[in-house]
Number of protein chains: 2
Amino acid sequence: MLKLTRKVEYALIALRHMQNKEPDAISSTKEISEMYDIPLELLAKTLQLMARGGIVNAVQGPTGGYKIKAKLENINMIEFFEKIEGPLGLMDCYFDSDCTLISACNIRSPIKKINDNMRSMFENMTVGEITQ
Amino acid sequence: MLKLTRKVEYALIALRHMQNKEPDAISSTKEISEMYDIPLELLAKTLQLMARGGIVNAVQGPTGGYKIKAKLENINMIEFFEKIEGPLGLMDCYFDSDCTLISACNIRSPIKKINDNMRSMFENMTVGEITQ
DNA sequence: TGTTAATCCGATCAAATTGGTCGTATAAAT
DNA sequence: ATTTATACGACCAATTTGATCGGATTAACA
């Protein structure tokens, strides 16, 4: 429980890798995958998600790859997680529609407390802090 | 990702239920399971784990059940999670033995940062706060 | 302009984790 | 003794996650 997924891990590794290069240098999926021994296809998918989320720019064709687009200090971890993994498990109760019993719902507020605490923690943590 | 498990949820529901009774009142698994519509067997397992962990007392036989034993304000959430779920996912890197590549290991420190932050947050959160 | 090397993207399979069930043993109140 | 509850290990089912595959698209470069 409370584990980060590989995709999140790979995304952070990739960002950190790109951060250590010149601002406009391009890193290919293959290059990153080989250097850190990450399955190429899964890393590719992760980078695509980040490209779609506006975190990196994709450059197609040979000599293509990715480079950082967004200011990483402006992206908090909740946004980051959601771009990569979609809606978070820790938000489940908010959308739980089969929560019909009022008593059961009230009693579930401990879980809400935990989720709220986690949420505010990740909202105050930026991708920039984590990768630097 | 980052989801709490059902067992943790059921444990908190049960504790909260017992907290709303007189200090020495006994709650049976069946009573709790029916009131909150929780699978009896799974709830039983969870209560057994809490009994083994010294959080509640088990009273056997007919008219038996459980009552709170420990001071809930003295148990932090890390301890609580570990009693119920065993070693946490968020500690994985510490024990990761196949982490041979130094470069890969260094690059993984972002995950360590996140884990450390989560850890200290849960260390400073007690079961008492959450269930009350 | 055709070849090549990269990203893109959906579908799908495999593995791990979690949720839930079953059967039986054991303990204690009546 | 009988009944009713917890105790506990083994097991199956469902969900989530990790990884793979096949093919389409894009663009550099000879």
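Letters A, B, ... are given to chains in the order of the sequence lines, protein chains preceding strands, and every chain is numbered from 1. Just so you know, these numbers use all the heavy atoms, side chains as well, and skip hydrogens, waters and symmetry mates.
- Between the CD atom of Q60(B) and the C1' atom of dT30(C) there is a distance of 17 Å, given to the nearest Å.
- The nearest heavy atom of DNA chain D to K7(A) and to V59(A) marks one nucleotide each, and the one closer to the 5' end goes with K7(A).
- The distance between atom CG of L2(A) and atom P of dT17(D), rounded to the nearest whole Å, is 12 Å.
- Under 4.0 angstrom from either OP1 or OP2 of dT17(C) there lies at least one side-chain N or O belonging to K3(A).
- Nearest-nucleotide assignment on DNA chain D puts the 5′-proximal partner with G65(B), out of G65(B) and P39(A).
- By the 4.5 Å heavy-atom criterion applied to side chains, L15(B) and I55(B) are counted as neighbours.
- Between K30(B) atom NZ and dT3(D) atom P the separation is 15 Å, expressed in whole Å.
- Side-chain contact between K45(A) and K7(A): absent, with no pair of heavy atoms (C-beta onward) separated by less than 4.5 Å.
- As a whole-Å value, the separation of D37(B) CG from dG20(C) C1' is 14 Å.
- Here the side chain of E79(B) pairs a donor or acceptor atom with the backbone of N76(B) at under 3.5 angstrom.
- In this structure, the nucleotide among dT4(C), dA29(C), dT7(C) sitting nearest to the side chain of P62(A) is dT4(C).
- At the phosphate of dT6(D), OP1 or OP2 sits under 4.0 Å from a side-chain N or O atom of T29(B).
- A salt bridge (charged side-chain N to carboxylate O under 4.0 Å, His left out) check over residues 121-132 of chain B, counting only residues at least two apart or in different chains, returns the pairs R119(B)-E123(B).
- Of the two residues contacting DNA chain C, namely G61(B) and E85(B), the nearest-nucleotide position lying further toward the 5' end is that of E85(B).
- Residue R52(A) has a polar side-chain atom (N or O) positioned under 4.0 Å from OP1 or OP2 of dC9(C).
- Rounded to an integer number of Å, the gap from I84(A) CD1 to dG18(D) P is 12 Å.
- Taking atom CD1 on I26(A) and atom P on dA27(D), their separation rounds to 12 Å, with Å as the unit.
- Atom CZ in F81(B) sits roughly 13 Å away from atom P in dT18(C) (whole-Å rounding).
- For A58(A), whose side chain is taken as the heavy atoms from C-beta onward, the closest listed nucleotide among dC8(C), dT17(D), dT6(D) is dC8(C).
- Looking at heavy atoms from C-beta onward, L4(B) lies out of side-chain contact with E9(B) at the 4.5 angstrom threshold.
- Under the 4.5 Å side-chain criterion, counting only non-hydrogen atoms from C-beta, I130(B) is not in contact with F80(B).
- Rounded to a whole Å, the CZ atom of R6(A) is 10 Å from the P atom of dT17(C).
- Within residues 40-51 of chain A, the residues having any heavy atom under 4.0 Å from DNA chain D are, by residue number, E41(A), L42(A), K45(A).
- Counting heavy atoms of neighbouring residues, nucleotides and ligands inside a 6.0 Å radius, atom NZ of K21(B) exceeds 12 of them.
- Regarding contacts with the backbone of dA19(D), a side-chain N or O of Y10(A) is found under 4.0 angstrom from either OP1 or OP2.
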